[in-house]
Amino acid sequence: MHRPVLLVIAHGSRDPRHAATVHALVRRVRSLRPGLRVETAFLDFNTPSVHGVLERLAAEGVRDVVALPLLLTRAFHAKADIPAVLREAPPVLRVRQAAVLGPSPLLLSALEQRLYEAGLDPADRSSTGVVLASAGSSDPEAIAVIADIAREWRHTGWCAVRPAFASASLPRTEDAVRELRAVAGVRRVAVAPYVLAPGFLPDRIARGAAGADVLADVLGPAPAVARLLVRRYDEAYAPGTCQVAPLARTPALA
């Protein structure tokens, strides 16, 4: 029995760094599962499109696909855009939508790896304030998740953790940096972008981090992120999970 094809669905961007980073992450996923077929598609700006990849897979005789949103929160793209395009898949395909990546302890591991790569000393955790800087969303559920992650991360030994957003919500990164400067015990401030790939909003986060001591890189192809993609695939493929319902047959599923 063939395992379903893993279709990684990224947002897409006019910034060429975005697609390059997505492809680097997918290459790392392939290295973790050499026998698994992994395809990449984009919702906008980049090619191939989701519809184009699904049509090609159907024409090749593929019958089962796990569509994995390359998203950190369950906001509009995961709830509306991706289910809509998957419902247009060729009828011969059984398409299952996996859960978004976040929240997950593996993402916290990737965030910390990026901070240490940027020069932060692990011994300085207790005197460092961290800005968890996300792209932002108008979806209250997504905003609440970011706030919950910041609270959870604070309890792992950091002096303080504050959420920030590059769009749609407040505070902005620069505001969170200034706020942390005033927190008792904070000797240095680090900004950890909670984004997967470079682009317009990550660049805005970087500009807002000008007053910080450390700015980490985007999550990109961090090993923990690749492991998380494999985990979400396995969860979607496991019998009895809610993600296994074929989206093309069940429009209500988001």
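We number each residue from 1, following the sequence as shown.
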Starting from the C-alpha separation in whole Å, work towards a yes-or-no answer on side chain to side chain contact (heavy atoms under 4.5 Å, CB included) for Arg17 and Asp203. CA-CA 11 Å; Arg17 297 174 298 168; Asp203 283 350; 2.9 Å; yes
As a quick check of understanding, evaluate side chain to side chain contact (heavy atoms under 4.5 Å, CB included) for Val214 and Val191, giving each step before the final call. CA-CA 6 Å; Val214 174; Val191 174; over 6 Å; no
As a quick check of understanding, evaluate ring-ring contact (aromatic ring centres under 6.0 Å, His included) for His11 and Phe76, giving each step before the final call. CA-CA 12 Å; His11 182 275; Phe76 184 79; over 10 Å; no
When you look at Thr128 and Asp121, which way does the side chain to side chain contact (heavy atoms under 4.5 Å, CB included) test go after all the steps? CA-CA 10 Å; Thr128 299; Asp121 190 328; over 6 Å; no
Start with the C-alpha gap between Glu39 and Leu57, add the side-chain angles, then the distance that decides, and say whether side chain to side chain contact (heavy atoms under 4.5 Å, CB included) holds. CA-CA 10 Å; Glu39 298 283 344; Leu57 291 174; 4.2 Å; yes
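Under the 4.5 Å side-chain heavy-atom criterion for grouping Ile, Leu, Val, Met, Phe, Trp and Tyr, Leu170 is not connected to Leu180 through any hydrophobic cluster. Residue Leu219 is grouped with residue Ile146 when hydrophobic side chains (ILVMFWY) are merged at heavy-atom distances under 4.5 angstrom, including chains of intermediate members. Two different hydrophobic clusters hold Trp153 and Val189 under the rule that ILVMFWY side chains link at heavy-atom gaps under 4.5 Å. Hydrophobic clustering places Val130 together with Tyr116 (ILVMFWY residues linked when any side-chain heavy atoms are closer than 4.5 Å, directly or through intermediates). Linking ILVMFWY residues whenever their side-chain heavy atoms come closer than 4.5 Å, directly or via other members, places Leu68 and Leu196 in the same cluster.
If you take CZ on Arg125 and SG on Cys159, they are separated by 12.0 Å, rounding to the nearest 0.5 Å. Expressed to the nearest 0.5 Å, how far CG of Leu86 lies from CG of Leu54 amounts to 6.5 Å. Remark: Glu174 CD to Glu179 CD distance equals 13.0 Å, nearest 0.5 Å. In this structure, CG in Asp234 is found 4.0 Å from CZ in Arg33, a value given to the nearest 0.5 Å. One finds the CZ atom of Arg172 at 6.5 Å from the OG atom of Ser167 (value rounded to the nearest 0.5 Å). Taken to the nearest 0.5 Å, the CD1 atom of Ile82 stands 12.0 Å off from the CZ atom of Arg87.
What you find for Arg74 and Val100 is that their closest heavy atoms are N-CG2, 3.9 Å. Shown here for Ala192 and Ala216, the closest heavy-atom pair between the two residues is CA-CB, 4.3 Å. Thr21 approaches Gly220 most closely through the heavy-atom pair CG2-CA, 3.6 Å. Looking at every heavy atom in both residues, Leu101 comes nearest to Pro69 through CG-O, 4.2 Å. Shown here for Tyr233 and Pro4, the closest heavy-atom pair between the two residues is OH-O, 2.6 Å. Residues Ala212 and Val177 approach most closely at N-CG1, 4.0 Å, considering heavy atoms.
Taking the side chain as every heavy atom from C-beta outward, Arg232 and Ser104 approach each other to under 4.5 Å. The closest side-chain heavy-atom distance from Pro83 to Gln97 is below 4.5 Å. Using a 4.5 Å heavy-atom cutoff, the side chains of Val230 and Val29 are in contact. Using a 4.5 Å heavy-atom cutoff, the side chains of Pro223 and Gln113 are in contact. Here the side chains of Leu70 and Leu25 are in contact, with some heavy-atom distance below 4.5 Å. Between Ile205 and Val195, the closest side-chain pair of non-hydrogen atoms falls below 4.5 Å. Looking at heavy atoms from C-beta onward, Leu111 lies in side-chain contact with Leu132 at the 4.5 angstrom threshold. Inter-residue side-chain proximity for His18 and Phe42 is flagged as met; some heavy-atom pair is nearer than 4.5 Å.
Between Arg231 and Glu235, none of the side-chain N atoms (NZ, or NE/NH1/NH2) sits under 4.0 Å from a carboxylate O, so this pair counts as no salt bridge. Between Asp64 and Arg96 a salt bridge is recorded (basic side-chain N to carboxylate O distance below 4.0 Å).
By the neighbour-count criterion of 12 heavy atoms within 6.0 Å, atom CZ of Arg187 is sparsely surrounded, having that number or fewer from other residues, nucleotides or ligands. Shown here is Arg14, whose CZ atom has no more than 12 heavy atoms of other residues, nucleotides or ligands within 6.0 Å.
Under a 3.5 Å cut-off, the side chain of Ser169 and the backbone N or O of Ser137 do form a donor-acceptor pair. With Arg162 contributing its side chain and Ala176 its backbone, the two residues share no donor-acceptor pair below 3.5 Å. Judged by distance alone, with hydrogens and angles left aside, the side-chain atoms of Ser109 form a donor-acceptor pair with the main-chain N or O of Pro105 at under 3.5 Å. Here the side chain of Arg154 pairs a donor or acceptor atom with the backbone of Trp158 at under 3.5 angstrom. Although no hydrogens or angles enter the test, the distance criterion places a donor-acceptor pair under 3.5 Å between the side chain of Arg30 and the main chain of Val38. Listed for the Arg63 side chain is no donor-acceptor partner under 3.5 Å among the backbone atoms of Arg94.
Under the 6.0 Å cut-off for aromatic ring centres, His2 and Tyr237 do not qualify, their centroids lying 6.0 Å or more apart.
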